[in-house]
Structures are given as C-alpha cells and as structure tokens.
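The block underneath contains the structure these notes are about, expressed in structure tokens.
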Number of protein chains: 2
Amino acid sequence: MAEENIIFVGKKPTMNYVLAIVTQFNNDEVNRIVIKARGKAISKAVDIAEITKHKFVQAIEYEGIKLDTEVLEGEKGPSNVSSIEIVLKK
Amino acid sequence: MAEENIIFVGKKPTMNYVLAIVTQFNNDEVNRIVIKARGKAISKAVDIAEITKHKFVQAIEYEGIKLDTEVLEGEKGPSNVSSIEIVLKK
C-alpha cells in the first residue's frame, strides 16, 4: 500500500496537492506520505510541505528530506535533474 | 566566522554559487557551508548542492536539510514564503 502514499508534484496548483495530502492524512490508516518533485517543481514541493504542516495538519513532522540527482533520457541525450523527497509523518 | 560560510541563493547563475562553495571548501579551515534560499530559488539551491556534491567535492555530505516558512513584510502586508537550509559538511 506504500505507493498510494506518494505524491508526485507536477504542474497543478499548490493547493491541489495540499488538499490531496490532508485528505490522505484524514484516513486513520495513513501515517506517512512522501512528496516527490524534480527540477523547478522542488520549490513547489517545499511550499506544499510547509503549508500542510503549518496550516492543516499540525501534528505532522518531517521524518526525512532527501536530495538526489536523476538522469533523464531526452531527445538530445541524457540530462541531469535534481530531485527532492520529503517524508511527512503523522 | 560562521557567517562567512553561508551562501544565500539569489538570481545569479547556478554555477556562480557552485564555484563559490568549491572555492570555500578548498580552504582547509572551512568544513561546513550552509546554503540558504527562499521561494523559487529553492530549486536552484538543490541544484547547487547536488552539483557541488557530485561533480566537484565528492567528500562532502549533507549534514542536515531544514525547511521553514518565513514571513516577509511587503507593501501589500505580510506574506509567507518557504525557505530551505542545506548544510554541507566536508
């Protein structure tokens, strides 16, 4: 069931992701949610985590924050992109 | 002397910050550097940390990564902005 608790941050508005996380945490069985983002979406991932933590689910804490570099295969060959994983724990 | 080892990420190109960090780490007395960024610059801060770690100073590791929310006083009143602090340790 772990996969259900991963949020991939893309082009939707910030609050869509916040509400998705809050909804999941309101399910008693969900104790951990991982927010994942790459490239420019990293800033949005941090916004999402902070808004969730401060305005909606005050009992959550950061269990871990991991930075990494991923190699993307594009038409012009491989390119590197930074990524972030933020683990929220209830 | 701690203040000298803080890098504030702004509008300069990513590689400017990477080179500033590499230069500081080449000083034997510098063992820790803190990268700080707010808002949209957070993605760039992660790029800077990852490029420094993987391409230039392979001995470094992440000592800590902290997310926070800062209140900025603007003309239209206070607004919240997310921030990141990445501590690099040699």
Side-chain angles (χ1 to χ4, degrees), chain A residues 7-18 21-22 32-72 74 77-90, chain B residues 7-18 21-22 32-72 74 77-90:
Chain A
I7 303 275
F8 290 97
V9 178
K11 294 188 183 302
K12 291 179 201 160
T14 300
M15 290 310 291
N16 288 32
Y17 298 102
V18 172
I21 294 170
V22 172
R32 287 170 84 249
I33 292 174
V34 183
I35 304 172
K36 292 191 181 195
R38 293 195 291 213
K40 301 268 181 220
I42 290 174
S43 302
K44 195 191 280 186
V46 173
D47 283 342
I48 292 162
E50 282 290 305
I51 292 170
T52 306
K53 191 164 185 277
H54 291 290
K55 300 217 167 152
F56 288 97
V57 192
Q58 306 217 333
I60 65 166
E61 56 188 38
Y62 295 130
E63 189 180 81
I65 300 163
K66 214 175 79 181
L67 309 183
D68 208 349
T69 299
E70 298 179 17
V71 180
L72 296 185
S79 63
N80 290 337
V81 62
S82 302
S83 66
I84 196 168
E85 262 189 48
I86 305 168
V87 182
L88 301 174
K89 193 186 168 187
K90 191 166 66 174
Chain B
I7 303 274
F8 290 97
V9 178
K11 292 187 185 299
K12 290 180 203 157
T14 300
M15 290 310 290
N16 288 32
Y17 298 101
V18 172
I21 293 170
V22 172
R32 287 170 83 251
I33 292 175
V34 183
I35 304 171
K36 292 190 181 196
R38 292 196 290 215
K40 301 267 182 219
I42 290 174
S43 302
K44 196 191 281 186
V46 173
D47 283 342
I48 292 163
E50 281 290 305
I51 293 170
T52 307
K53 191 164 185 276
H54 291 290
K55 299 218 167 150
F56 289 96
V57 192
Q58 305 218 334
I60 66 168
E61 55 188 39
Y62 295 129
E63 188 179 84
I65 299 162
K66 215 175 80 181
L67 309 183
D68 207 351
T69 299
E70 297 179 17
V71 180
L72 295 185
S79 62
N80 290 337
V81 63
S82 302
S83 65
I84 195 167
E85 262 189 47
I86 304 167
V87 183
L88 301 175
K89 192 184 169 192
K90 190 165 65 173

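Here is the naming used below: chain letters follow the sequence lines, and residue numbers restart at 1 for every chain. Quick caveat: nothing in here was measured; it's all calculated off a predicted structure.
- Rounded to the nearest 0.5 Å, atoms CD1 (I84(A)) and CD1 (I84(B)) are 4.5 Å apart.
- With values rounded to the nearest 0.5 angstrom, L67(A) atom CG is found 3.5 Å from I65(B) atom CD1.
- Residue I51(A) does not touch chain B at all, counting heavy-atom pairs closer than 4.5 Å.
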Scan chain A against chain B and return every donor-acceptor pair whose distance is under 3.5 Å.
unit_1, atom_1, unit_2, atom_2, d
G39(A), O, S43(B), OG, 3.3
K40(A), O, S43(B), OG, 3.2
S43(A), N, S43(B), OG, 3.1
S43(A), OG, G39(B), O, 3.3
S43(A), OG, K40(B), O, 3.2
S43(A), OG, S43(B), N, 3.1
S43(A), OG, S43(B), OG, 2.8
D47(A), OD1, S82(B), OG, 2.5
E50(A), OE1, T69(B), N, 3.1
E50(A), OE1, T69(B), OG1, 2.4
T69(A), N, E50(B), OE1, 3.1
T69(A), OG1, E50(B), OE1, 2.4
S82(A), OG, D47(B), OD1, 2.5

